There are 2 protein chains.
Amino acid sequence: MADSYHHGNLRQALIDAGIKIINENGEENLSLRKVAAACDVSHAAPYAHFKDKEELIEAIKANVTDRFMDKLLKAIEGKPTADAAIIAMGRAYVTFFSKNPDYFVFLFGKQNITAHLKMNKEYKGDYPPFLLLRRMYLLHLEENGLEKTVEEQEIELIKIWSIVHGMASIACMKGVKSSFNWNDIDERLLT
Amino acid sequence: MADSYHHGNLRQALIDAGIKIINENGEENLSLRKVAAACDVSHAAPYAHFKDKEELIEAIKANVTDRFMDKLLKAIEGKPTADAAIIAMGRAYVTFFSKNPDYFVFLFGKQNITAHLKMNKEYKGDYPPFLLLRRMYLLHLEENGLEKTVEEQEIELIKIWSIVHGMASIACMKGVKSSFNWNDIDERLLT
DNA sequence: GGTACAATCTTGACAATGTAAAGATACTAG
DNA sequence: CTAGTATCTTTACATTGTCAAGATTGTACC
């Protein structure tokens, strides 16, 4: 691989550079030209790998979501019951965004989680964290011998997700000063 | 008021034009120059009323938040108990953003609710919808003769707000297709 | 090996945008 | 009526996303 003209793996380099910029300078400072410059490449080079800026951003989102899923999976690892796993997952959910408010804004700021899901076929159109939650929830029903209609299940799932996602959202609000310690969620908060 | 040079009430006109653009073309199409053009004014005219684009946006946010508060206040109007008022408020909260997803993104997209609060001194640094919720919650404790520590109160308040705000957030996600009818929230969802 | 083709990257250009500086116009206090 | 202030225009510039034309490199095929 000649280092001179062809970069080698510019696509991934652009994604990494994008994440770095978001981490260090916030999303508002992410521009195609800066990402390109960070990779020592001309300002139009990204167009060989991404249709437009949106497509690069979606690729970055998919990357961040993968890291997010890693945290969630690691959190439920080895938990004895589904209940414990759900609690741990909720904790990890809020903690992840509490530590990285920029990621929350970046992932959900435009409220459009579909696009970067379509890229990862593996996800089959459903939001991975939600799929994981549903799996744990069904396990919870099984473990406790509970029977619920599909509608009841959906309502409870939405409720759990709403609490956790809402807490993450509120925790990320710069204006909300609360004595609440988001990194150590009280169990009374989770069901 | 001479119509030729001085506009008369350009400040409010810019805010109104900004809201109109967001409604019709989405937030991504809101630019200072377009707002100025919509008011038949040169592209630098807004700088006589706003320090920068951010300040105009904050003014618009304050305006939208006022409308939001109107809906919430109208929702709890005439409710017999605090419990009923809280349910009604939650419903109105989700309904408002379910009908106007663009507003949700606009208000919370950058997760910064402080700035436009500082402009409305009246709010005294707390988020108005949250203040209203707290008032209703304290009324609820009083009506039912309940005693809670401040910490317990805070946790319950955050929990209620998280559910409602989280539901609004999820309802606004374009990717989430759910059989759930956000405009007619099931009571099982609210406490 | 050499040649056509595709992938990748560069250069140059353009329009939209935020913003600053300098000046024109209208309003207002004295 | 005059000086000053608020408001608005004009001009200018840097940043940005995007496109088009061309240069460079890798690859498939003979």
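Throughout, protein chains are lettered first and strands after them, A, B, ... in sequence-line order, and every chain is numbered starting at 1. Computed from a prediction, not measured in an experiment: that's the story for all the values here.
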Under 4.0 Å from OP1 or OP2 of [N]: is there any side-chain N or O of [X] that close?
{"X": "A:Ser31", "N": "D:dT16", "answer": "yes"}
{"X": "A:Tyr47", "N": "D:dT18", "answer": "yes"}
{"X": "B:Lys34", "N": "C:dT17", "answer": "yes"}

Looking across every strand, which nucleic acid part, if any, lies under 4.0 Å from B:His43 by heavy atom: base, sugar-phosphate, or nothing?
-> base

Self-check item: Any N/O donor-acceptor pair, A:Arg33 side-chain to D:dT18 base, under 3.5 Å
Solution: yes

Which of C:dT10, C:dG18, D:dT7 is nearest the side chain of B:Ala48? It is D:dT7

Of the listed D:dC8, D:dT9, C:dG12, the closest approach to the A:Ala44 side chain comes from C:dG12

Take the protein atom [atom1] of [X] and the nucleotide atom [atom2] of [N], then report the distance between them rounded to whole Å.
{"X": "A:Glu54", "N": "D:dT16", "atom1": "CD", "atom2": "P", "answer": "17 Å"}
{"X": "B:Glu28", "N": "D:dG17", "atom1": "CD", "atom2": "P", "answer": "15 Å"}
{"X": "B:Leu32", "N": "D:dT15", "atom1": "CG", "atom2": "C1'", "answer": "15 Å"}
{"X": "B:Phe50", "N": "C:dT17", "atom1": "CZ", "atom2": "C1'", "answer": "18 Å"}
{"X": "A:Leu10", "N": "C:dT10", "atom1": "CG", "atom2": "C1'", "answer": "13 Å"}
{"X": "A:Asn25", "N": "D:dT16", "atom1": "CG", "atom2": "P", "answer": "11 Å"}
{"X": "A:Lys53", "N": "C:dA16", "atom1": "NZ", "atom2": "P", "answer": "18 Å"}
{"X": "A:Lys51", "N": "D:dG17", "atom1": "NZ", "atom2": "P", "answer": "14 Å"}

- Task: Give the intermediate values and the outcome of side chain to side chain contact (heavy atoms under 4.5 Å, CB included) for residues A:Phe106 and A:Ile60.
- Result: CA-CA 9 Å; A:Phe106 180 62; A:Ile60 297 178; 3.5 Å; yes

In terms of heavy-atom contacts, A:Val94 and A:Ala168 come closest through CG2-N, 4.2 Å

When every non-hydrogen atom of A:Glu143 is compared with those of A:Pro80, the smallest separation belongs to OE2-O, 4.4 Å

Ring pair (Phe, Tyr, Trp, His ring centres under 6.0 Å) with B:His165: of B:Phe96, B:Tyr127, B:Phe108, only one passes, and it is B:Phe108

Going through the distances and angles, do B:Asn63 and B:Gln12 end up as a side chain to side chain contact (heavy atoms under 4.5 Å, CB included)? CA-CA 10 Å; B:Asn63 221 283; B:Gln12 189 59 44; 3.6 Å; yes

